[in-house]
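In what follows, a structure is listed as structure tokens, so that the remarks can point back to it.
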Number of protein chains: 2
Amino acid sequence: MLPTSREKILDVAEARFAQRGYAGVGLREVAEAAGLGKSSLFHHFPSKAALYGAVLDRVLERIELRMNRALEASRDVRAQISDAVIGLIDTLAEDPPAARLLLRTVFEDDDVSPGEAPELAAADRRLEALIARVARVITEGIAAGAIRPISVPDAIQTLIGATVYPFASGEFGEKLAGEIFSADAIARRKREVLGLIEHGWLRPIPRGEMS
Amino acid sequence: MLPTSREKILDVAEARFAQRGYAGVGLREVAEAAGLGKSSLFHHFPSKAALYGAVLDRVLERIELRMNRALEASRDVRAQISDAVIGLIDTLAEDPPAARLLLRTVFEDDDVSPGEAPELAAADRRLEALIARVARVITEGIAAGAIRPISVPDAIQTLIGATVYPFASGEFGEKLAGEIFSADAIARRKREVLGLIEHGWLRPIPRGEMS
DNA sequence: GTCTATAAGGGGATAGAC
DNA sequence: GTCTATCCCCTTATAGAC
């Protein structure tokens, strides 16, 4: 079960783009790591932007698959959100370059704008649909009284920051909190986000101790 | 009060590095935007890494100044954390490229490792001291019973993700939640983070409604 | 302190042989 | 589908005139 040439290229490119960014990666480097000459890359992908788009769309597809499963269930809103967070964290943990690639993509909106390649436009649509779905669930949760009346877009931004960023934080994160992708760190991240959503950080003030 | 040549260069470089990243920015672009020829840049900064380090250290200095003021006060731990969050958000809001520059720096640990230039090493030390200070406050808060027994490093990662990332999210963030640096958006971000710390997202279940 | 000129190398992308 | 060779542009950095 050797990977096809195309998948091998995508694997290599995902790791390189995540580590060094769009501008920092040369196609020569990608091609040779995949066992090809530089020019042969252009037979599989017509441009650097198209390659990046294909890498990005594949990552988003994996996340979409897992999160949609959590959000499809017609259960309690709390459980939907919890499972979506768990699904997102698990996907990011199984594909270490993914988190950094996603955040880099957000930052590099010049080089990887949807107009640069059709693959980038496809990834853009996929992400937009996923976010719309999460927004709908939170909005319904507020309407049903299960969630405080928070700002939904701001809540989604917090969710991204609290789940995606730590898995993208590399050496900095490891120095701060130890191995990022260890089973323990993954479990701690789930507890951190779920606990924060449910209770916040502060300890409830026991009855009779109100000042 | 025209900026000195050095400060003008730093202003231009901060904006460019934040927008396109370390590898994506050419010194020619920076020099000409600052009104110099490319080679003249090397008179002020001996290398690209040194310039980046100077930019980064200046950003961290501003953040340190504001956060230390919030953390120095010998008040209630809750107030220290709230004021530190508010100070961090205000600093990021007053210096729009800062958030993106900081997160890019975390990601680009290859190009901007402390060994590349003394300015980068200085920035590294500054950041380390700031984080240690925040960690101390949270740890004391837990010991005093004001904060739930959370993992301190994970809490700091969440704090970074929930405060820095949204101000770095650029076009993506604007599409999701509107203008990032409007007074309203800044106020909403403060409410979001402080509310999350204090209560979480979920609505407390009213008495007698426990299932 | 700024400039021109140059060095030495890498970038993305294309043409055409095999 | 992979290769070699090539095009043209940009990169960091240095040398030396003014």
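Just so it is clear, the model here is predicted, and its values are computed rather than measured. Naming: A, B, ... by sequence-line order, numbering from 1 per chain. Computation of the quantities below employed the complete heavy-atom set of this structure, encompassing side-chain atoms and omitting hydrogens, waters and symmetry-equivalent molecules.
- In this structure a side-chain-to-backbone donor-acceptor pair under 3.5 Å is present from B:Arg104 to B:Gln19.
- A distance-only check finds no donor-acceptor pair linking the side chain of B:Arg62 to the backbone of B:Thr91 [under 3.5 Å].
- Partners of B:Asp83 under the salt bridge (Lys or Arg N to Asp or Glu O under 4.0 Å) rule, at least two apart in sequence or in another chain, are B:Arg75.
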Next on the checklist: Pair B:Ile81, B:Ile147 - check side-chain contact (heavy atoms from CB on, under 4.5 Å), show working.
Outcome noted: CA-CA 11 Å; B:Ile81 292 178; B:Ile147 301 176; 3.5 Å; yes
Dump the pairs, protein N or O against N or O of nucleotides 5-9 of chain D, anything under 3.5 Å, distances to one decimal.
{"unit_1": "D:dA5", "atom_1": "N6", "unit_2": "A:Ser39", "atom_2": "OG", "d": "3.0"}

Between side-chain atoms of residues 192-201 of chain A and protein atoms elsewhere (two or more places apart, or another chain), which donor-acceptor pairs fall under 3.5 Å?
{"unit_1": "A:Glu192", "atom_1": "OE2", "unit_2": "A:Trp201", "atom_2": "NE1", "d": "3.1"}
{"unit_1": "A:Glu192", "atom_1": "OE2", "unit_2": "B:Thr158", "atom_2": "OG1", "d": "2.9"}

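- Between B:Leu10 and B:Phe45, the closest heavy-atom pair is CD2-CZ, 3.8 Å.
- In DNA chain C, runs of at least 3 consecutive Watson-Crick or G-U pairs, each pair with both distances below 3.5 Å, span C:1-18 with D:1-18.
- A:Asp110 is not listed as a side-chain neighbour of A:Glu116, based on a closest heavy-atom distance of 4.5 Å or more.
- Nearest heavy-atom pair across B:Ile180 and B:Pro166 is CD1-O, 3.7 Å.
- One interatomic measurement links the two molecules: CD of B:Glu29 to P of C:dG11, which rounds to 19 Å at whole-angstrom precision.
- Residues of residues 101-121 of chain B having a heavy atom closer than 4.0 Å to DNA chain D: none are found.
- Listed by first and then second residue, the side-chain hydrogen bond (donor to acceptor under 3.5 Å, both in side chains) pairs involving residues 36-50 of chain B amount to none (not counting sequence neighbours).
- Atom pair A:Arg28:CZ and D:dT4:C1' shows a separation of 13 Å (rounding to whole Å applied).
- Rounded to a whole Å, the CD atom of A:Glu32 is 10 Å from the P atom of D:dT4.
- Between the CG atom of A:Leu27 and the C1' atom of C:dG11 there is a distance of 9 Å, rounded to whole Å.
- A heavy atom closer than 4.0 Å to some atom of DNA chain D occurs in B:Val25, B:Gly26, these being the qualifying members of residues 17-26 of chain B.
- For the salt bridge (Lys or Arg N to Asp or Glu O under 4.0 Å) test, no residue two or more places apart in sequence or in another chain qualifies with B:Glu119.
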Give every donor-acceptor pair under 3.5 Å between a side-chain atom in residues 22-37 of chain A and any protein atom, sequence neighbours left out.
{"unit_1": "A:Tyr22", "atom_1": "OH", "unit_2": "A:Ala49", "atom_2": "N", "d": "3.2"}
{"unit_1": "A:Glu29", "atom_1": "OE2", "unit_2": "A:Arg16", "atom_2": "NE", "d": "3.0"}

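- Using a 4.0 Å cut-off on heavy atoms, the residues of residues 40-59 of chain A that approach DNA chain D are A:Ser40, A:His43, A:His44, listed by number.
- Sorted by first and then second residue, the side-chain hydrogen bond (donor to acceptor under 3.5 Å, both in side chains) pairs involving residues 161-184 of chain B (not counting sequence neighbours) are A:Glu128-B:Lys175, A:Gln157-B:Tyr165, A:Gln157-B:Ser169, B:Asp184-B:Arg188.
- Under the 3.5 Å distance criterion, the side-chain polar atoms of B:Arg100 are left unmatched by any main-chain donor or acceptor of B:Gly21.
- Between the C1' atom of D:dT2 and the CZ atom of A:Arg6 lies a distance of 18 Å, rounded to the nearest Å.
- B:Phe172 has its ring centre no less than 6.0 Å from the ring centre of A:Phe107.
- Listed by chain and residue number, A:Arg66 satisfy the salt bridge (Lys or Arg N to Asp or Glu O under 4.0 Å) test with A:Glu94 (two or more places apart in sequence, or in another chain).
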